[in-house]
Structures are given as structure tokens and as C-alpha cells.
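Each remark here refers to the structure printed beneath this line.
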Protein chains: 2
Amino acid sequence: MSDIRVLVVEDEPVASAAHAAYVGRMAGFMLAGMAPDGQSALRLLGELAAAGEPVELVLLDMNLPDLHGLDIARRMRAAGILADIIAITAVREVAIVRSAVAIGVVQYLIKPFTFATFEDKLSSYRLFRQQLASPESGAGRTGASQSDVDQAFASLRAPSELPLPKGLSVSTLDSVKEYLKQHSGSVSATEVMAALGMSRVTARRYLEYLADAGTLTRAPRYGTPGRPENEYGWKRP
Amino acid sequence: MSDIRVLVVEDEPVASAAHAAYVGRMAGFMLAGMAPDGQSALRLLGELAAAGEPVELVLLDMNLPDLHGLDIARRMRAAGILADIIAITAVREVAIVRSAVAIGVVQYLIKPFTFATFEDKLSSYRLFRQQLASPESGAGRTGASQSDVDQAFASLRAPSELPLPKGLSVSTLDSVKEYLKQHSGSVSATEVMAALGMSRVTARRYLEYLADAGTLTRAPRYGTPGRPENEYGWKRP
DNA sequence: CCTTCCATGACCAATATGAACGCAACGGTG
DNA sequence: CACCGTTGCGTTCATATTGGTCATGGAAGG
């Protein structure tokens, strides 16, 4: 699958360059263009589409000199341009966020952010694309099932980290993550228990939290008698 | 907080009535109107907005007599109507799903569905609203933080879990389904055993469950010595 | 000193496995 | 043509482990 073409819309040159550089560092994405204001963004979108290389993803700033980001989005939709939008902005008013969702913003990044945050959002977007992009070779399977769609939506909106539920502590979570980094292959709750000297219950609770948050995958390990043991591993992009 | 005003757009009277009834059964939602086609839907949206009671959520069928659902969504956006949209449709083509996401569909329900599924989707939408609606009491907190936004997006995630019979696990069932997607022709229990590394008994139990549920067909495979082997395949509708 | 929070140990429930038995079609043989 | 041994999968059952939950204990904070 070819790279996802990205358009960066941002008026401030420093931020604009930073975003472009970030895009360049991400595998699976390529920079299709940059625009400093709304008018040129819309014009670029039209030109690239006409050239047969339509933009698939727009990193859109909300505060631009000529148009508001929401206006740009509305005009895009009105013009039939269905590129996905990730909002990148310092605006944090709830009403704006709600409107952005309504108009089809798939992710919302609040400035300032680190590359890790940026990477996380774009990765989950890429995963979403992959899950819907593969009709999975199947002969007659032209469509997706409800669970397929659900899964795709889930990876689109999975947060990097939601606030810790009661009963979990930051330091323990860090220990578990640290151990996972070293054993990047696959880990079972029992292994974590033995390695970190904690109880099986605790180890399992943290692994389970990470799996629910979408950071980890969870799959049963077959082949041995007894109830299957869950095996946790980092999610592969 | 007052109820969320819902507009049902659906041409078939039976389905339309069912959706309306479903909305009535959900706490926190109220039926604002019903439309059998795209034109009346757009007109109703305008009228209700003018009357000071704007629709906040549209349950939108994709196949309508006059306009396609995506067209309606596009015109809504062009007209500045920012109601959220939940697509309710039998269309399962991946391209449609992708376009729907791009234009701001927050949930995607594939017909036919049970009330449980419906309830699940609307509940998560309601949660999403609540999380963004509450300015969180805080003194100077006029806006949302990145984690606030993440959390709200996360509620739009669809965990959609339907109960399984005792003795079966979700992840194993997913593995089997995944393998079946890749080999859409026909599969035997022994093949699944070898491919997924599980025992023959387990593989057969899951295939048997899927066959009983009506998802799979089951036919004996003759020609070789030994008791005939059951062969499973996707049911052709 | 009281409250809150987090990890623990012990319990019951869940679920894949292996072995044992039965069954249905195949391929000779009378 | 009928019969019987062979073959391999279907089916059942006990078993082995782990997952999940609950109440408890100790530590940290006010």
C-alpha cells in the first residue's frame, strides 16, 4: 500500500516546518503539500485531486489568517473533498471540539504536543486505515461486518493513555511498561509476576489495563493443557 | 441536561417505526422528527433549527429514494448544520464506511441489528456528549485538555460485546473467524487446528458454534478413507 | 488516629487439552 | 454382491492450569 498523502495547513512557519518534519519521520506517510492559509489550502486540495494525487489526510490548524479551520472543513465537504482531517490547534473550547467532531475530524491534537503524542495519533489513524483497507483477499467478501467496523472505529479513537482507574499506581505501571520494553516479543502475566516480584493478580491487572487502553494486544497461548494463558505484546502498526 | 433531540431518516415505514420506538426506549433521548427521504430530512432540519429546537443527532439511512445518505450529510455540512450523525444502513462496502467517517459520522450501525446493539451505540454517544458537555466545575477551566479530548473520543469507541455460550472465549473466536476470512473457500477442523496451533477439539467446537449460529455452512467431505470430514464455509446469502 | 489507597492471598469459575470411544465411508476379499 | 477390516474424524469426559473476584492487610497521607 502506498503512503498516505498528507497536507499540512498552518500559518506559522516554525510550526508548519515542525509538522512537516514530523510527517517525514513517520513511516507510511508522505508530505503532499503545505499551505499557510485557508484559500491556498483549498486550492491545493483541488489541484492535487485534479492531478490524480488526492490528499488523504489534512493536518489542519484552526486559527488561520483568512478562514477558521471549521470553515475550511465545511467548504471541503461542500466541495466533495473527503480527505480525513486531524485538527492541530491551541484552541481548546469544548464547543469547537464538538463542532470538529460533527464535521468529521478524526483526531484532535492540542498544541503544544510532543512527537510522541503526534506519533500516537497518526499511528492509530494508520491502523484505522489498514483495518478498513483490507477486503482481506476474500472471494465474495466485499463488505465489512459490524465487528470489523467496530474494531476500525476503536483503533481510530483509542486514546494513548486515559487517566488511571482506581487501584492502579503510576510507578507500578512504569515498572510493567519497562519490563515490556525489554521483552518486546510476548509476555504472560505469570512471567511478569516472576520477573517483577509482584503478585499474579497485580501483574494481570496492569497488563489488562494496558490492553484495554489499546496499547497492548492480548491473545491466548494455545498448545498446553489447562486454561489458555493470555499473552500480551505491543500492538504492531 | 435536557434530552438529545433525534431525527430519524429512513424510507421504509417498518424500519422507521422501529428506530423511533428504539429512541423512545432510550433515556436521555427524545424523538424530534421523522423523515422518509433526503429532501424532507433537510427541510425538517432547517425548520427545527429555525424554531429554536435544533436536531442534535440524526439516525441516517444510506439508501433513500432521492438522495444518498452521504449526499445528505454533505449538504448538511454545507448548510452549516452540525448535528451528529449515526449511520444506520445495510450498506457495508468499505469505501462507504470510509467516506462516512470522513464526513463526520460518529457511529456506524449495520442492519439488521438488535436493540442491544442499538442501545450500545447510543449509550456510548451519550457518554461522549456528557464528557464534553461538562466544563468540569473547575474555576478557570474554560477548555478541555488533551486527555479530556482523548477520553471523550474513547467513549465513541465501540466495545460491542454480545454474550457467548459458556466455554467459548472471544479472542479464540476472533482467531477462527480471522482464519476463515483468509481461506474463504472451505475449511476443515483439522486445518484450523494446524493453522492456529490449537487442539482439534477446540477448533471443532468453535466451527460448530459458528455453524449452529448460522454464520457457517457445514457439509461432509467424501473421497478419502476414514470417517468423512466436516467442511465449513461462509454462508452465501 | 482515621481515611484512603494499593497490593496480596485465597477462593471459584472458566476454558483448552489429551485420551478414549464410537462412527461412517473406503477398499479389499469371499 | 455382501461382508469385514482399516482408517481417520466426530464426540465425550476428566484434567490441568490460568483468569477473575472478594475480602483482607499494610502503607501512605491528612
Side-chain angles (χ1 to χ4, degrees), chain A residues 161-180 183 185-233, chain B residues 159 161-180 183 185-213 215-233:
Chain A
E161 286 180 27
L162 27 92
L164 287 156
K166 294 288 182 188
L168 277 73
S169 76
V170 183
S171 48
T172 311
L173 183 62
D174 284 343
S175 310
V176 175
K177 282 204 226 168
E178 189 58 31
Y179 180 78
L180 276 164
H183 302 252
S186 52
V187 177
S188 77
T190 314
E191 282 167 30
V192 173
M193 166 190 79
L196 297 184
M198 57 195 356
S199 81
R200 191 177 57 87
V201 182
T202 304
R204 200 191 65 81
R205 188 163 51 217
Y206 282 89
L207 290 170
E208 204 63 23
Y209 160 73
L210 286 171
D212 281 343
T215 323
L216 254 45
T217 58
R218 172 180 29 199
R221 181 187 286 173
Y222 305 104
T224 61
R227 175 167 178 160
E229 186 178 23
N230 270 346
E231 189 174 80
Y232 301 87
Chain B
E161 286 177 40
L162 46 133
L164 280 171
K166 295 283 184 187
L168 277 69
S169 76
V170 184
S171 36
T172 306
L173 184 62
D174 283 345
S175 306
V176 174
K177 281 204 232 169
E178 190 59 30
Y179 180 78
L180 277 162
H183 302 254
S186 52
V187 178
S188 77
T190 314
E191 283 167 30
V192 173
M193 165 191 80
L196 298 184
M198 60 203 333
S199 83
R200 191 169 52 96
V201 181
T202 304
R204 202 192 64 83
R205 181 144 31 105
Y206 282 88
L207 290 170
E208 205 63 25
Y209 161 73
L210 286 171
D212 284 343
T215 328
L216 254 45
T217 59
R218 172 180 30 198
R221 179 191 286 172
Y222 303 102
T224 61
R227 176 167 178 165
E229 187 178 25
N230 271 345
E231 188 176 70
Y232 302 86

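Side chains included, hydrogens not; waters and symmetry mates left out as well; all remaining heavy atoms used. Proteins come first, then strands; the chains are lettered A, B, ... in the order of their sequence lines, and each starts at number 1.
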Close N or O pairs between protein and nucleotides 7-10 of chain D (under 3.5 Å):
residue	atom	partner	partner atom	Å
D/dT7	O2	B/Gly226	N	3.3
D/dG8	N2	B/Arg227	N	3.4
D/dG8	N3	B/Arg227	N	3.3
D/dG10	OP1	B/Asn230	N	3.1
D/dG10	O4'	B/Arg227	NE	3.4
D/dG10	N7	B/Arg200	NH1	2.8

Kindly give the atom pairs (protein nitrogen or oxygen, nucleotide nitrogen or oxygen) under 3.5 Å for nucleotides 2-6 of chain C.
residue	atom	partner	partner atom	Å
C/dC5	OP1	A/Lys166	NZ	3.3
C/dC6	OP1	A/Leu168	O	3.2
C/dC6	OP2	A/Gly167	N	2.8

Any B/Arg204 side-chain heavy atom under 4.5 Å of B/Val201 side chain: no
Atom-pair distance (CD on A/Glu191; P on D/dT18), nearest Å: 11 Å
Whichever of A/Gly223 and A/Thr202 has its nearest DNA chain C nucleotide further upstream toward 5': A/Thr202
Spacing of NZ belonging to B/Lys177 relative to CG belonging to B/Leu210, to within rounding of 0.5 Å: 6.5 Å
Donor-acceptor pair, side chain of B/Thr217 and main chain of B/Gly233, under 3.5 angstrom: yes
Rounded distance in Å - CG (B/Leu173) to P (C/dA16): 10 Å
With B/Ser188, the side chain to side chain donor-acceptor pair (under 3.5 Å) member among B/Arg200, B/Glu231, B/Glu229: B/Glu229
Distance-minimising heavy-atom pair for B/Thr172 and A/Pro220: OG1-CG, 3.8 Å
The single option from A/Leu196, A/Leu216, A/Thr202 passing side-chain contact (heavy atoms from CB on, under 4.5 Å) against A/Val176: A/Leu196
Minimum heavy-atom distance between A/Ala203 and A/Ala189, given as atom pair plus value: CB-O, 3.8 Å
B/Asp212 CG to B/Leu207 CG distance, which is reported to the nearest 0.5 Å: 11.0 Å
Footprint string (nucleotides 25-30 of chain D, 5' to 3'): B base within contact, S backbone only, - free, heavy atoms under 4.0 Å: ------
For atom CG of A/Leu196 and atom P of C/dA7, their distance in whole Å: 12 Å
Nucleotide C/dG18, atom P - distance to OH of A/Tyr222 in whole Å: 14 Å
Considering all heavy atoms, the nearest A/Arg221-A/Val187 contact: NH2-C, 4.5 Å
N/O donor-acceptor pair under 3.5 Å between A/Tyr206 side chain and A/Ser169 backbone: yes
d(CZ, A/Arg221; P, D/dT18) in whole Å: 10 Å
Heavy-atom side-chain contact between A/Tyr232 and A/His183 under 4.5 Å: no
